[in-house]
Amino acid sequence: MTKITFDEIRPYDLVLMGRVAIDFNPLDYFKTLVESSTFKKYVGGSPANIAVGLARLGKRIGFMGRVSDDRFGEYVVNFFEKEGIDCSHIKPCENGEKIGLTFTEILSPTESSILMYRNGIADLMLDPADIDEDYIANSKALLISGTALAQSPSREACLKALEIAKRRGTVVIFDIDYRPYNWKSADEIAIYYSLVARRSDIILGSREEFDLTEALIQPGADDKQTAQYWQNLGAKIVIIKHGKSGSTAYTDDGRQYQVKPLPVEALKSFGGGDGYASAFLYGIFEGWDIRSCLEFGSASASMLVASHGCSADMPNAAAVSDFIAKAKAEHGDVFSSEL
Ligand SMILES: Nc1ncnc2c1ncn2[C@@H]1O[C@H](COP(=O)(O)OP(=O)(O)O)[C@@H](O)[C@H]1O
Ligand SMILES: O=C(O)C[C@@H](O)[C@H](O)C(=O)COP(=O)(O)O
């Protein structure tokens, strides 16, 4: 059976790298961004949301990143500190680069979009010199968020961290996290995504994200071919997400597991991926079987699409367990299965 083994004596469970940014979600939702006028501010950025999710689930989390040298940079670092996330490796930018701003549009529970301001962006200024070998060696796992590969110097910072993680026995998690900003071409996306994916132990992505990653390798691959390809190169778990239809985990013992979304009244359609990633990885850190990890991930995802924020609404372990117990009491043990 597939099991990820961690070096249990390491003080950090997970160090993440990528963006910490700000989300502005409309309070007067079910309107276009043209019409919305009141927004609530939250700490955002997919890896930042995952960091908060895992911290609330009780894991020891560190973050390597760059923020703007202004009140917004101060805001995100303060929030992280309150959540118990180690901020010793988050640095302010020196040349006026600004933190990312994301304005979201919630048109209906199933139609949302995001508008990102990412020019002269702080998070992509993460520099190889910021990458501290001891920090990575003191963590059981490293999570690289794919958007951090979009530009230099953040790209080289990720590749340096990856080399260190491989050499120091830190488990590598790759969340493909595609955002159509900052990249120059489809070739560039395929080259850098595949470079990291081929050396990762756990890869998470949507079908679209794997298509981008495999564009030069096996265009048009199906989920099984995708899993097989990365597992031949050493991946232990490949997760392919299909939005509202659920997701499938392929493990390197040749097994496949499926999980469906737990029923919920959704408010928005973003945030699910980050809830899913944090709660799924929590189960992996706890050494659970894959079906339990997937159910935890799917439950947290449902809770996130039902809530207004992302980071601020990440649930703790008791809340996720309670949510699953209620769903199973009503619908039976029907959410996950081995295929
Ligand atoms: N409308 C929904 N209702 C319940 N769960 C949802 C809904 N939309 C997404 N999810 C959950 O969020 C997870 C991630 O969603 P997905 O759209 O695939 O990724 P991302 O949010 O990263 O784009 C899904 O696997 C599912 O569990
Ligand atoms: O990733 C970002 O920079 C924005 C997020 O904070 C945002 O709220 C969001 O889109 C969540 O993404 P998802 O979980 O992949 O749906």
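Atoms within each ligand, like the ligands themselves, are counted from 1 in listed order.
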For atom 22 (O) of ligand 1, which candidate among Glu265, Lys241, His242, Lys260 holds the nearest heavy atom? Lys241

Just going by heavy-atom distances, which of Asp23, Val305, Thr102 is nearest to atom 5 (C) of ligand 2? Asp23

Got the closest protein heavy atom to atom 3 (O) of ligand 2, with its distance? Arg19 NE, 2.8 Å

Can you tell me the protein heavy atom closest to atom 10 (O) of ligand 2 and the distance? Arg179 NH2, 3.3 Å

Would [X] count as a polar contact of ligand 2, with the cut-off being nitrogen or oxygen pairs under 3.5 Å?
| X | value |
| --- | --- |
| Ala21 | no |
| Gly273 | yes |
| Asp177 | no |
| Met116 | no |

Test of understanding: given a 4.0 Å heavy-atom threshold, classify the contact between [X] and ligand 2 as side chain, backbone, both, or neither.
| X | answer |
| --- | --- |
| Ser46 | both |
| Asp274 | both |
| Asn49 | side chain |

Protein non-hydrogen atom found under 4.0 Å from atom 18 (O) of ligand 1: yes

Under 4.0 Å, counting heavy atoms only: does Ser206 come that close to any atom of ligand 1? no

What do you reckon, does Ser298 put a non-hydrogen atom under 4.0 Å from ligand 1? yes

May I have all residue pairs that pass salt bridge (Lys or Arg N to Asp or Glu O under 4.0 Å) and include part of residues 236-248, sequence neighbours excluded? Asp201-Lys236

Are any of the N or O atoms of Val264 closer than 3.5 Å to those of ligand 1? no

If we only count N/O pairs under 3.5 Å, is Leu262 in contact with ligand 1? no

Check the angle between the aromatic planes of Phe296 and Trp288 and answer parallel, tilted or perpendicular using the 30° and 60° thresholds. perpendicular

For the residue pair Phe335 and His331, does the interplanar ring angle fall in the parallel (under 30°), tilted (30 to 60°) or perpendicular (over 60°) class? perpendicular

Per the ring pair (Phe, Tyr, Trp, His ring centres under 6.0 Å) rule, what does the pair list look like for residues 84-116, sequence neighbours excluded? Phe24-Phe103, Phe39-Phe103, His89-Tyr135, Phe103-Tyr117

